[in-house]
There are 2 protein chains.
Amino acid sequence: MKASIYLGNKSFSTTNSQPRTPEANEVRLDIAYCGICGTDIHIYQGHMDQRVKTPHIIGHELSATIAEVGKEVKGFNAGDVVTIRPLQPGPSVPSDKGYSHISSNLRVIGVDLPGGMQSSLTVPADILHRIPDQLSLRHGAMIEPLAVACHDVRLADVKAGEVVVVIGGGPIGLLIALVARVKGAKVILSEINSYRLQLAANLGFETVNPAEGDLTAMIRNLTGEYLADVVFEVSGARSAVEIMTTVANKRGRIVIVAIHPKPQPVDLLQIFLSELKILGVRVYEAEDFEEAISLAANGQIPLDEMISGVAALEDLQSIFENIESSPQGMKYLIDVAKS
Amino acid sequence: MKASIYLGNKSFSTTNSQPRTPEANEVRLDIAYCGICGTDIHIYQGHMDQRVKTPHIIGHELSATIAEVGKEVKGFNAGDVVTIRPLQPGPSVPSDKGYSHISSNLRVIGVDLPGGMQSSLTVPADILHRIPDQLSLRHGAMIEPLAVACHDVRLADVKAGEVVVVIGGGPIGLLIALVARVKGAKVILSEINSYRLQLAANLGFETVNPAEGDLTAMIRNLTGEYLADVVFEVSGARSAVEIMTTVANKRGRIVIVAIHPKPQPVDLLQIFLSELKILGVRVYEAEDFEEAISLAANGQIPLDEMISGVAALEDLQSIFENIESSPQGMKYLIDVAKS
């Protein structure tokens with residue numbers, strides 16, 4: 001029973017996990033796998049020091065087996081394999097309008113609350129999603145980022161036959177591309193990292209490298225002057241914000257998936273002229289988890305191809321150092337059960 | 001038969017109008033009234049010199065009587081009272097996706113083509129909209145800006161009971177407020193000009209002056225912490241772009257009606273966090289004219305209260321000088337028929 005503790009200053013230390021007996025409507029989980037997310041990298045790099053109080057246990061992409069069930073829990077039993085929707089909405093305020101997944105008092109397990117980089121975690125039962133038998137525990141830990149992609153594609157209302165440009169080919173960008181393709185869209189992925197470009201190409205996507213020319217001209221060329229019905233901004237780059245309004249065609253939708261900590265110059269004239277929509281999309285709702293599980297269980301998303309490595313909990317420090325020094329990977333999983 | 005010619009450099013000159021016999025599918029109009037629009041003021045101030053070729057006849061908000069009907073025109077006869085939807089889409093391109101009102105080759109009568117500040121104008125019959133008997137010719141000249149407001153409110157999907165904040169209380173802002181109120185929305189109008197604030201208050205709107213404090217705090221206070229479901233940015237001010245993302249509540253819609261010639265810093269983080277939508281909206285489609293005519297004919301929009309003055313074509317120069325020196329007015333009409 002171990003836990004990896006984030007101490008701040010890019011430093012992790014492995015210690016004992018402290019199992020907690022579930023109260024009513026809670027379950028205690030034995031964590032199987034826990035994925036490393038871009039948010040975890042932000043935490044590691046200190047960008048979220050104001051929000052994340054150390055010592056802290058990160059990790060919000062997990063698969064687990066239920067070890068113990070508290071009173072009043074219905075529909076789940078010890079031994080069930082699950083993932084969690086790691087959101088705790090907190091008290092609602094009027095401006096939330098009932099959207100609990102983006103509520104003003106939202107706390108995220110693994111960010112604001114202890115997460116999955118430990119052997120044992122006790123959570124409310126209402127955030128559980130069952131992992132069906134067809135799905136491995138490894139793939140179960142990838143349902144959370146896949147649910148992000150399902151949410152983004154759903155809110156963008158991507159339709160069959162539409163042209164979709166994904167700017168940024170990291171794990172979320174690639175998953176968005178994969179989900180959009182399942183919806184029947186023609187997807188073009190824009191990325192500057194050659195490793196990620198190759199991986200996207202291997203998965204059958206048309207790719208462009210905006211470092212090699214004008215992205216709008218490339219998309220214009222690839223689409224016969226049609227341009228993009230939907231642009232997903234997943235890169236976080238200022239240059240992407242500059243160009244996203246010209247990559248979109250008339251009444252195109254531009255979906256802001258990436259975090260832009262500072263206000264960015266946006267071409268509001270182009271938004272006006274072309275009647276564009278910009279959509280902010282954040283995390284997911286329960287239905288997105290259900291869709292992600294369904295897509296993964298049906299084999300519609302090649303999750304294995306996205307796994308760059310699987311390591312032990314004790315290796316978390318070196319994995320982060322590796323990610324930071326050479327961004328050649330895609331998704332790293334921690335085999336928590338093995339630790 | 002007169003015409004007011006814009007010569008450039010804030011200068012108008014009155015000359016003779018040159019009637020043109022309608023070709024097939026065209027009608028020749030005797031112009032009754034022609035309104036002065038914000039776009040006309042932009043032309044006068046030289047902001048559109050690159051687009052507007054002088055000498056030019058401005059004017060795109062008009063009422064008219066059909067003087068002569070060309071061959072193959074169906075459904076309209078000499079003597080009919082009409083307004084025009086002053087858009088000429090031009091050849092379509094793939095990225096237009098059939099949205100002719102925002103097409104890449106769009107030309108606007110009164111901006112790119114000769115407009116209504118003259119006694120006689122010949123136009124295609126497919127841009128005519130009939131003005132019913134209940135509507136005066138003066139009100140007929142206000143259908144075009146009312147159609148802008150109908151388009152904006154329609155694309156924003158304003159629903160009964162929603163809180164709408166309109167930033168900017170000029171003619172378009174006020175018409176948006178009026179149309180949103182017809183839809184059952186609770187409307188708050190934000191404006192810094194005391195004349196326009198008073199006019200909005202006289203029309204029964206709650207008003208706020210963002211020069212007197214923090215707009216978000218004022219809206220928070222007026223709505224019991226609910227904030228705005230829909231924000232219309234009609235001011236063109238950079239400060240409005242800065243604050244529009246905090247005035248909106250979760251999943252709120254922000255509608256860009258104003259022209260912002262240069263990219264403006266937009267808080268994309270707030271758009272992400274609150275899952276906001278930014279919608280560009282431009283001009284109108286045929287159905288917006290039909291709705292505008294219906295609302296005006298049913299007396300649901302107090303158009304008389306918006307008319308600041310009616311002048312002759314020869315007075316165009318002095319009207320523009322007056323508008324520029326003291327922005328105390330709302331909508332000025334030119335009585336072209338009288339000229």
Side-chain angles (χ1 to χ4, degrees), chain A residues 92-104 106 151 155 163 219-220 223-229 233 236 238 241-242 245-283, chain B residues 92-104 106 151 155 163 219-220 223-229 233 236 238 241-242 245-283:
Chain A
S92 71
V93 302
S95 61
D96 288 347
K97 294 159 69 177
Y99 293 112
S100 62
H101 70 295
I102 51 171
S103 65
S104 300
L106 182 71
H151 184 72
L155 266 59
V163 173
I219 301 300
R220 199 178 277 287
T223 61
E225 305 286 322
Y226 181 78
L227 293 169
D229 296 300
E233 199 318 81
R238 183 183 166 117
V241 174
E242 280 169 9
T245 42
T246 55
V247 171
N249 57 25
K250 295 289 156 71
R251 290 247 172 121
R253 292 97 76 197
I254 297 168
V255 189
I256 305 296
V257 180
I259 290 178
H260 292 269
K262 291 181 185 169
Q264 299 280 13
V266 174
D267 188 348
L268 296 174
L269 181 61
Q270 194 60 43
I271 288 172
F272 165 85
L273 290 174
S274 292
E275 293 200 331
L276 302 178
K277 272 188 200 174
I278 294 185
L279 310 171
V281 295
R282 182 182 174 198
V283 294
Chain B
S92 71
V93 301
S95 62
D96 288 347
K97 293 158 70 176
Y99 294 113
S100 62
H101 71 295
I102 51 172
S103 65
S104 300
L106 183 72
H151 184 71
L155 265 59
V163 173
I219 301 300
R220 200 177 276 286
T223 61
E225 305 287 323
Y226 181 77
L227 293 170
D229 296 299
E233 199 317 82
R238 183 182 165 116
V241 174
E242 279 169 10
T245 42
T246 55
V247 171
N249 57 26
K250 293 290 155 71
R251 290 245 174 124
R253 291 97 77 196
I254 296 169
V255 189
I256 304 296
V257 180
I259 289 178
H260 292 269
K262 291 180 186 170
Q264 299 279 11
V266 173
D267 188 348
L268 296 174
L269 182 61
Q270 194 60 44
I271 288 171
F272 165 85
L273 289 173
S274 292
E275 293 200 332
L276 302 179
K277 271 187 201 174
I278 293 185
L279 310 171
V281 295
R282 181 181 175 198
V283 293

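Just so we're clear, the structure is a prediction, and the values are computed from it rather than from any experiment. In the text below, chain A, chain B and the rest are named by the order of the sequence lines, each starting its count at 1.
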Applying the side-chain contact (heavy atoms from CB on, under 4.5 Å) criterion to A:Arg251, which one of B:Leu279, B:Leu155, B:Asp96 satisfies it? B:Leu155
Heavy-atom proximity to chain A below 4.5 Å, by part of B:Val266: both
Flag the one option from B:Glu225, B:Gln270, B:Arg253 with the top tally of heavy-atom pairs under 4.5 Å to chain A. B:Glu225
Evaluate side-chain contact (heavy atoms from CB on, under 4.5 Å) for B:Gln264 paired with B:Glu242, printing each intermediate quantity in order. CA-CA 8 Å; B:Gln264 299 279 11; B:Glu242 279 169 10; over 6 Å; no
Part of A:Leu276 lying under 4.5 Å from any heavy atom of chain B: backbone
Checking heavy atoms, do the side chain of A:Ala248, its backbone, both or neither come under 4.5 Å from chain B? neither
Measuring only between side-chain heavy atoms, which start at C-beta, is B:Pro265 closer than 4.5 Å to A:Lys262? no
Contacting region of B:Val257 [heavy-atom separation from chain A under 4.5 Å]: backbone
Please check if the side chain of B:Arg282 supplies one atom and the backbone of A:Leu273 the other of a donor-acceptor pair under 3.5 Å. yes
Taking 4.0 angstrom as the limit, do B:Lys97 and A:Asp229 come out as a salt bridge? yes
For each of A:Val281, A:Asp267, A:Leu227, tally heavy-atom pairs with chain B at distances under 4.5 Å, and name the one with the top tally. A:Val281
Using non-hydrogen atoms and a 4.5 Å limit, figure out which bit of B:Ser103 sits close to chain A: side chain, backbone, both or neither. backbone
Turns out that what part of B:Tyr99 lies under 4.5 Å from chain A's heavy atoms comes down to side chain
Tell me yes or no: between the side chains of B:Glu275 and A:His151, is some donor less than 3.5 Å from an acceptor? yes
